[in-house]
Engineer: 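Mind looking over this structure? Questions follow.
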Amino acid sequence: MDLSIDVVNERDKLIAVLVGEVDVYTAPKLKESLLFLVKKEQTMLEVDMTGVSYMDSTGLGVIISVLKAAKEHESQLRLSNLQDSVMRLFHITGLDKVIDISVSIREGR
Amino acid sequence: MDVAKIDINSYRDLLKKYIDHQDESSLYGAEQMSKAFIKNHILPDEIVSLHIQSLMELYPSLSQDIQNSMRFLLETMIYYGLAHQEYQALRENQLALRSEISLAANVQTTLLKTDKPDIEGLDIGVISMPAHQMNGDYYHFIKGKQDSLGIAVADVVGKGIPAALCMSMIKYSMDILEEEAMMPAKILKYLNRVVERNVDASMFITMFYAQYTPTDNLLRYASAGHEPGFFYCAQTDTFSEIETKGLVLGVLPDSAYPSYEQKINKGDMIILLTDGVTECRRGNEFIKREEVLDVIKQYMHLPAQDIVNHVYKYFERLQDFQLRDDFTLVILRREV
């Protein structure tokens with residue numbers, strides 16, 4: 001399955017809306033897109049994962065590298081609206097304690 | 001190869017036969033000849049050149065326009081031929097690379113080799129199968145004083161070669177630790193520092209580390225974000241998930257890992273695994289974690305090694321013998 005990545009500009013933050021599966025095939029594309037966004041100093045990036053039905057450990061690797069890059073560039077990363085199966089992955093790996101994960105309602109919905 | 005080495009006479013005769021009769025047998029002859037060309041690395045432009053030569057011999061008065069058009073075709077085929085040569089070279093490189101990877105996989109197997117220890121009163125079963133050539137899963141047994149046993153089960157993210165290289169680093173980091181330092185929480189804290197300093201930002205490792213001491217029948221363990229295993233209590237005949245907290249290795253420089261204990265009574269089992277077991281798919285659907293337990297229950301009356309073998313075979317069949325992820329399953333059972 002494919003992954004689509006749409007970036008929306010919303011007031012003081014960028015929102016990357018993901019739809020599809022994040023796995024070993026789609027991870028490189030996701031990594032490139034998100035790294036590009038957080039490498040601009042002091043960006044607030046929210047990744048809306050409502051439409052992500054599956055993420056494997058390669059996907060987690062992408063999120064970790066984006067988190068590290070965000071810290072380096074004084075940017076912020078937040079994940080929102082994770083489906084239960086994806087949330088479980090963040091919980092097991094302990095990443096829910098080091099990444100800002102929230103439920104957010106986007107404007108205009 | 002030189003055009004002269006191709007049998008011009010056979011080609012010309014076959015061409016003539018086809019022009020005169022347009023029959024199936026000449027077409028079959030053409031197919032056979034084409035196979036021989038491929039086998040002998042004859043390039044497309046050499047075939048066109050052969051065709052021109054044959055035409056000129058068959059029809060010496062061939063119109064100038066046709067002759068020119070054939071030369072034009074020859075020119076276009078030259079570049080096609082170059083690309084084809086490049087493709088051939090790449091194919092050969094790929095074969096060489098594949099054999100190198102297979103050598104590397106053998107080296108990895110030797111480097112990471114760990115023997116299933118014999119410990120009185122403990123029945124141990126283990127299976128670890130890679131989805132591809134190199135295994136990103138890892139298990140390790142360390143036998144210590146008074147028959148104590150250290151067990152590590154780990155999964156490196158990404159897969160393939162980088163993951164496998166990373167595993168060797170982990171193994172050697174563990175090898176240099178003194179036995180006194182082998183307490184699960186301590187070892188994970190130490191390995192986290194090694195991984196955080198040495199691997200790429202997008203790589204991380206999940207690991208479950210346990211130490212079993214037969215003198216007090218205690219299992220002490222800690223987990224770095226690893227897929228939870230199961231504990232089977234023989235007295236109540238129930239399974240429960242081994243719950244732990246702890247961040248995966250390699251994300252923060254100073255992660256600490258809580259330590260846990262579990263008393264192991266006669267007949268109790270510890271089931272450790274990687275997500276390659278719990279994330280098996282039936283078609284496009286993931287299995288439920290409980291399904292792993294259902295399969296284990298079916299074979300529980302057997303020795304531990306037979307249980308893991310049967311569970312592996314079950315999930316291998318379920319996925320049409322094509323693993324999507326490395327698969328590692330370890331079962332320990334206290335016998336006496």
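These numbers were taken from a predicted model, which means no experiment stands behind them.
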Engineer: Take A:Val98 and B:Leu252 through the test side-chain contact (heavy atoms from CB on, under 4.5 Å) and record every step on the way to the result.
Structural biologist: CA-CA 9 Å; A:Val98 294; B:Leu252 294 179; 3.4 Å; yes
Engineer: Counting only heavy atoms closer than 4.5 Å, note whether B:Glu243 contacts chain A via side chain, backbone, both or neither.
Structural biologist: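 Neither part; nothing is under 4.5 Å.
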Engineer: Which residues, numbered in order, of residues 33-45 of chain A come under 4.5 angstrom of chain B by heavy-atom distance?
Structural biologist: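 Answer by number: none.
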Engineer: Give me the atom names and distance for the closest heavy-atom approach of A:Ser57 to B:Asp275.
Structural biologist: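 That would be OG-OD2, 4.2 Å.
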Engineer: Can you list everything that forms a ring pair (Phe, Tyr, Trp, His ring centres under 6.0 Å) with B:Phe315? Sequence neighbours excluded, please.
Structural biologist: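 With sequence neighbours excluded, B:Phe315 shows a ring pair (Phe, Tyr, Trp, His ring centres under 6.0 Å) to no residue whatsoever.
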Engineer: Go through the structure and list residues passing side chain to side chain contact (heavy atoms under 4.5 Å, CB included) with B:Ser168, not counting sequence neighbours.
Structural biologist: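 Counting only residues at least two positions away or on another chain, B:Ser168 forms a side chain to side chain contact (heavy atoms under 4.5 Å, CB included) with B:Leu111, B:Leu112.
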Engineer: Measuring from atom NZ of B:Lys245 to atom NE2 of A:His91, what distance do you get when rounded to the nearest 0.5 angstrom?
Structural biologist: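 Between atom NZ of B:Lys245 and atom NE2 of A:His91 there are 5.5 Å.
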Engineer: Do you know which two heavy atoms are closest between A:Ile92 and B:Pro228, and how far apart they sit?
Structural biologist: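 Taking every non-hydrogen atom into account, CD1-CD, 3.7 Å.
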Engineer: Quick one: what part of A:Ile63 sits under 4.5 Å from any heavy atom of chain B, side chain, backbone, both or neither?
Structural biologist: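 Neither part, no heavy atoms under 4.5 Å.
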Engineer: Mark yes when over 12 heavy atoms from residues, nucleotides or ligands other than B:Glu241 sit less than 6.0 Å from its CD; otherwise mark no.
Structural biologist: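 Check passes, neighbour count above 12.
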Engineer: Evaluate whether atom CG of A:Asp84 has more than 12 neighbouring non-hydrogen atoms of other residues, nucleotides or ligands under 6.0 angstrom away.
Structural biologist: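 Not more than 12 within 6.0 Å, no.
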Engineer: Side-chain contact, heavy-atom cut-off 4.5 Å: A:Leu95 with B:Val251?
Structural biologist: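 They are in side-chain contact.
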Engineer: Can you name the residues of residues 67-74 of chain A that have some heavy atom under 4.5 Å away from a heavy atom in chain B?
Structural biologist: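 Expected list: A:Lys68, A:Lys71.
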